[in-house]
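Notes for the one structure printed next.
Predicted model, so just to flag it, every value in this text is computed and none were measured.
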Amino acid sequence: KGTVFRLTVPPPPPVIQMPIQSGNQLTVTWSALPGRAYQVQFKTDLTQTDWADLGTALTATNTTAFASDILGPDPQRFYRIVLLP
């Protein structure tokens with residue numbers, strides 16, 4: 001005698017803050033949802049189709065999360081943060 005609806009609102013996407021370089025290390029910080037898992041990925045050329053994982057998935061413990069990368073011989077790297085299901 002009625003209709004039941006279910007609406008699922010997706011979580012907001014992670015927003016990357018300004019990366020910080022210290023020596024040969026780059027730290028990427030982003031907005032996060034506590035308890036959710038994130039995967040940092042990178043590629044060295046935007047024409048590449050595949051992204052490489054930077055380490056393992058990280059679970060946020062706060063409203064911000066971060067990961068560090070050692071700067072190597074690549075002339076450039078592009079990063080993205082993936083919110084895992």
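- Heavy atoms only, all atoms of each residue included: Tyr38 and Ala32 are closest at OH-CA, 3.3 Å.
- Note on residues 49-64: pairs passing side chain to side chain donor-acceptor pair (under 3.5 Å), not counting sequence neighbours, are Gln41-Asp53.
- For the pair Pro12 and Leu83, the minimum side-chain heavy-atom distance is 4.5 Å or more.
- Under a 4.5 Å side-chain heavy-atom cut-off, the cluster of Ile, Leu, Val, Met, Phe, Trp and Tyr residues that includes Phe66 has no other member.
- Between Gln17 and Thr29, the side chains place no donor N or O within less than 3.5 Å of an acceptor N or O (distance only, hydrogens not considered).
- When side chains are defined from C-beta on, Asp69 does not count as touching Val28, because their heavy atoms never get closer than 4.5 Å.
- When all heavy atoms of Ser31 and Pro13 are compared, the pair lying nearest together is OG-O, 4.2 Å.
- Each of Phe42 and Val82 belongs to its own hydrophobic cluster when Ile, Leu, Val, Met, Phe, Trp and Tyr are linked at side-chain heavy-atom distances under 4.5 angstrom.
- Here the CG atom belonging to Leu54 is positioned 6.5 Å from the OH atom belonging to Tyr79, to the nearest 0.5 angstrom.
- When the side chain to side chain donor-acceptor pair (under 3.5 Å) test is applied to Asn24, no partner is found at least two apart in sequence or on another chain.
- In this structure, the separation between CZ on Arg80 and CH2 on Trp30 is 13.5 Å, given to the nearest 0.5 Å.
- A donor-acceptor contact shorter than 3.5 Å links the side chain of Gln39 to the backbone of Gly55.
- Tested against Leu71 for a side-chain contact (heavy atoms from CB on, under 4.5 Å), the candidates Arg77, Gln25, Gln21 yield a single pass: Gln21.
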